[in-house]
Structure formats: structure tokens, C-alpha cells
There are 2 protein chains.
Amino acid sequence: MSRARTPEAGSRGEPRGRTDKRQAILEAAFRTFARDGYGQSCVREIAEAAEVAKPTIYNRLGDKETLFREAMKAAVEHTADRSLSALEPLRTPGDDIRPVLEEAGLRLLRSHACQESQALRRLLSAEAPRFPDLLEEIQRVGAQRIQDALADRLARLVLAKRLEATDVERASEQFLALLTGPMELRSALGTRAVPDEELHSVAEAAVDTFLRAYAPRDPG
Amino acid sequence: MSRARTPEAGSRGEPRGRTDKRQAILEAAFRTFARDGYGQSCVREIAEAAEVAKPTIYNRLGDKETLFREAMKAAVEHTADRSLSALEPLRTPGDDIRPVLEEAGLRLLRSHACQESQALRRLLSAEAPRFPDLLEEIQRVGAQRIQDALADRLARLVLAKRLEATDVERASEQFLALLTGPMELRSALGTRAVPDEELHSVAEAAVDTFLRAYAPRDPG
DNA sequence: AGTACGTTGAACCAACCGGTTCATTTACTT
DNA sequence: AAGTAAATGAACCGGTTGGTTCAACGTACT
């Protein structure tokens with residue numbers, strides 16, 4: 001039961017069975033960094049958590065700094081994909097757009113409030129001054145992409161006269177702000193797990209305010 | 001020109017000239033922690049930045065950890081006071097409440113976007129898992145107090161029929177979310193200075209949406 | 001003048017960390 | 001079965017860190 005975690009990775013195309021170890025290292029590194037912070041983490045502990053020898057880490061990733069970078073990049077792909085898929089309901093709005101907005105909002109919030117996502121933001125925020133390029137890249141494939149995708153969805157709704165927004169970028173930004181803004185305090189900067197009912201009520205309140213501001217005024 | 005930085009501190013009442021040194025240490029510590037992070041900062045550098053000998057730090061603050069705690073607590077008092085004073089305009093609303101909301105919003109945003117405040121949030125977010133009690137205290141005297149004070153102001157406006165809100169806590173939370181939420185991306189997690197015009201436009205957009213959602217519907 | 005206290009610099013300590021080397025073992029390829 | 005490449009553990013290295021000790025110094029009170 002020591003290793004052999006391979007789920008069903010084809011392991012073909014890659015030079016050897018190395019991708020398996022690499023992934024294990026990156027996951028353990030992210031967990032360790034998230035728990036102790038970059039400066040307080042030591043490679044030995046990461047190696048232990050990954051059930052891997054220390055030289056293996058340096059062979060595959062060469063450096064504590066690149067180890068950190070790769071672990072962060074791997075983490076953002078997980079979370080961003082999940083957030084993007086949360087926007088799917090907006091593709092098929094019903095008679096009333098409120099339900100799909102609430103559904104999308106709730107799923108965005110769940111993705112935003114999950115442990116991995118919170119740890120990613122905490123770590124990124126912490127090391128941002130020392131890794132400006134990493135910050136730029138992660139913001140681009142993370143938050144920025146979500147905001148742009150949401151703006152696309154909102155633009156469709158505006159064209160269909162289901163929303164009234166002169167600036168969909170602004171609307172997208174504010175919708176996300178209404179969702180994630182309140183989470184900062186409620187989740188204690190990402191250190192407390194927020195129950196799902198609370199996410200639900202935050203999403204509901206966000207959609208409510210959003211619709212009051214952006215729903216078409218019927219008698220116009 | 002080596003030391004003698006005392007601006008005009010009376011240095012009377014305190015046991016010795018110690019408060020002066022203590023403050024210098026705390027400020028230098030905060031600057032160093034903000035620049036390098038907690039784990040990467042070393043006490044020697046802090047001592048140099050404070051123009052103080054290393055044993056002096058250990059004499060006065062005993063520990064790197066308590067040094068960090070005290071520096072953080074000192075920083076939050078600065079920033080929280082400034083944010084609280086930003087709410088003053090709401091005490092004297094004119095015929096239209098929009099101008100005072102925009103004024104308060106802009107001042108909140110300026111306080112939120114200043115370097116010290118951003119560094120404080122970054123550091124707090126970074127070390128939150130390791131200092132849960134510190135996080136709790138700072139949130140209480142910082143963000144939570146602002147949100148409560150704003151809720152008080154909004155409650156007055158509701159009573160005066162200038163706003164329509166069934167839940168002023170929620171309204172306060174969302175007003176702050178509309179202000180600070182968009183800043184996360186725009187300020188690159190607090191590492192980029194945001195020009196004042198941009199703060200102005202964010203505040204304007206926030207107030208606009210807020211009023212659309214919470215202004216009394218005249219023909220009701 | 002004397003004393004008590006805080007500051008200072010320097011040296012010191014034990015522990016730890018990032019990173020490397022190397023001989024040995026494991027496992028896959030042909 | 002032979003060969004190759006990766007993984008392993010252990011030891012090792014130079015550098016840094018948090019924290020302490022100590023003798024010398026300055027300064028404020030009495």
C-alpha cells in the first residue's frame with residue numbers, strides 16, 4: 001500500500017512512469033506550502049508527504065522556487081476549470097433568469113470556497129511581491145478568465161433583452177464582487193469552512209442585488 | 001546623523017525613552033515582513049532597518065512571533081481608523097444621498113488601496129492559518145468594525161426613508177463588496193498601485209449599482 | 001558622584017535548510 | 001538475461017537563522 005497510486009493514467013507518450021511521481025510531488029508540495037507557507041516549508045517535509053526521496057524532487061523540479069511555481073500552476077488549473085464550468089447554467093436561461101443566475105452563483109461560490117481554491121489565493125497573495133510573473137499568469141488563467149467568460153454570458157443575456165447593462169465587463173466584475181466579497185470575512189480569509197447553506201444565502205443575496213441593478217426596467 | 005530620529009515626542013510619562021524605540025522597531029518590522037514575508041524575514045535585517053541592536057528587539061518584544069503580532073496589531077490601528085473616518089460623510093447626507101455615498105466610497109477605497117492596508121491584508125492572509133487568534137482580533141477591530149459602522153449609517157438612512165433595505169447588515173456587506181471586490185484583480189492582489197481616477201470610477205460604479213438596488217422605488 | 005537601567009556590538013550557539021554527491025536498489029525495456 | 005534509467009537513503013556541505021551571553025557604554029534620576 002506504499003505507492004502505486006496510478007488511477008488509470010495511460011503513462012504512454014511520457015518518457016517513463018515519471019508523470020506519476022511528478023504529480024504526487026506537486027500535490028504534496030501544494031499541500032505543504034498551503035499549510036506552512038513558502039518560507040516555512042522545507043523540501044524534506046514535502047518529500048516525505050509525497051513519499052519520495054529528496055533528490056527525486058531536485059531531479060524533476062530542480063529548485064524549491066520552481067517547485068513552488070509548478071505546484072501553483074497545477075493548482076490553478078483545477079480550480080479555474082471548476083469555476084468555468086460553474087457558468088454553464090447561464091447558457092440555457094429559462095423564462096426567468098434568476099434561477100440560472102443563482103445556480104451559477106452558488107456553483108461559483110462553492111468553487112471559490114473550496115479548500116484548494118482558498119489555499120491557492122492565500123499562497124498567491126502571500127508570495128505575490130516575490131513572484132510577480134507567477135501572479136500575472138495565475139490571475140490571467142484564473143480570475144481574469146472567469147470574469148471574461150461571465151462577461152460573455154452576460155452579453156448574450158443583454159442581447160436577448162434579459163438584462164440591462166451598458167457595460168458587461170462592469171456587470172461581470174460586480175456580480176463576482178457581490179459573490180466573493182462577502183466571503184472574505186465569512187471564511188476568515190479562507191481559513192474557515194463555510195457551510196453550504198451560507199453559500200446559498202450569499203449567492204441569493206448577490207443575485208437579488210444584481211437583478212435589482214441590472215434587470216430591465218419594464219415600463220421604460 | 002546616525003540616530004536621533006525623535007520628531008517631537010515628549011518622551012515624558014513613559015518610564016524611559018523606550019516607546020520611541022519600540023515604535024521604530026514595530027514600523028521597521030512591519031515594513032520588512034511586508035516586503036519579505038514572515039518566514040523569509042530575519043530579525044537581523046529588522047534590527048538594521050530600525051537602527052537598533054538585535055538584543056534590543058529581543059529585550060522589548062522577546063520573540064519573532066510576538067514581534068510579528070505586535071507589528072500587525074499596530075498596523076491595523078492605523079488603517080482601521082482611516083477607514084472609519086471615511087464613513088463620516090454619511091452622517092450629513094444632502095438632498096441626494098449619492099454624493100455622500102460616492103465620497104465615502106472613494107475614501108474607503110483610498111484607505112483600502114493604500115500600501116500599508118494592502119500589505120496588512122497580504123500578511124494576514126498569508127499567516128492566517130498559523131495565527132488564527134491574531135486573525136480573529138484583526139478582523140474584529142478592522143473589517144468587521146467598518147462593516148458594522150457602515151451598517152449603522154445605512155440604518156439611519158433607511159429610517160429617513162432615503163434607502164430601502166430590509167437587512168442593513170446585508171446592504172453594508174454588499175456595499176463594501178462592490179467597492180473592494182473589484183480591487184483584487186485591479187490591484188493585482190495588492191501589489192500594484194491603482195491610480196486615483198480608477199478608484200473614482202470603481203466607487204462610482206459601486207454606488208450606482210448599490211443605489212439601483214437599494215434606493216427607494218418612488219412609485220411603490 | 002553614584003547608581004540603576006537600557007542600548008550596543010560582537011561573538012557565540014545549536015539547529016535547520018537548500019542543494020549535492022554517491023553507492024545501492026528497483027523496475028522497465030529489448 | 002542483460003542493460004538502462006530512474007528512485008532511494010544517507011551522508012555531507014556551506015550558509016543562515018532565531019536566540020543568548022557579555023562586557024562596555026551612555027544616560028537619566030537621586
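In what follows, chains carry the letters A, B, and so on, assigned in the order in which the sequence lines appear, proteins first and then strands, with residues in each chain numbered from 1.
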Does NZ or CZ of A:Lys64 lie under 6.0 Å from the centre of the six-membered ring of A:Tyr38, at an angle within 45° of the ring axis?
-> yes

Any side-chain donor near an acceptor of the partner, A:Gln174 and A:Tyr214, under 3.5 Å | yes

d(CG, A:Leu61; C1', D:dA6) in whole Å | 15 Å

What one-letter contact string describes nucleotides 15-20 of chain D from 5' to 3', where B marks a base within less than 4.0 Å of any protein heavy atom, S marks contact via sugar-phosphate atoms alone, and - marks no contact?
-> --SSBB

D:dA6 P sits how many Å from A:Ile57 CD1, rounded?
-> 17 Å

Does a salt bridge link B:Arg140 with B:Glu137, judged by any charged N lying under 4.0 Å from a carboxylate O?
-> no

Does any pair with a residue in residues 181-203 of chain A pass ring-ring contact (aromatic ring centres under 6.0 Å, His included), and if so which ones, sequence neighbours excluded?
-> none

Consider only side-chain N and O atoms of A:Ser117 and A:Arg121, and report whether a donor and an acceptor are under 3.5 Å apart.
-> yes

Would one find a side-chain N or O of A:Arg60 under 4.0 angstrom from OP1 or OP2 of D:dA6?
-> no

Think A:Lys21 has a side-chain N or O under 4.0 angstrom from the OP1 or OP2 of D:dA5?
-> no

Using distance alone, with no hydrogens and no angle criterion, decide if A:Ser111 and A:Ser83 have a side-chain donor and acceptor under 3.5 Å apart.
-> yes

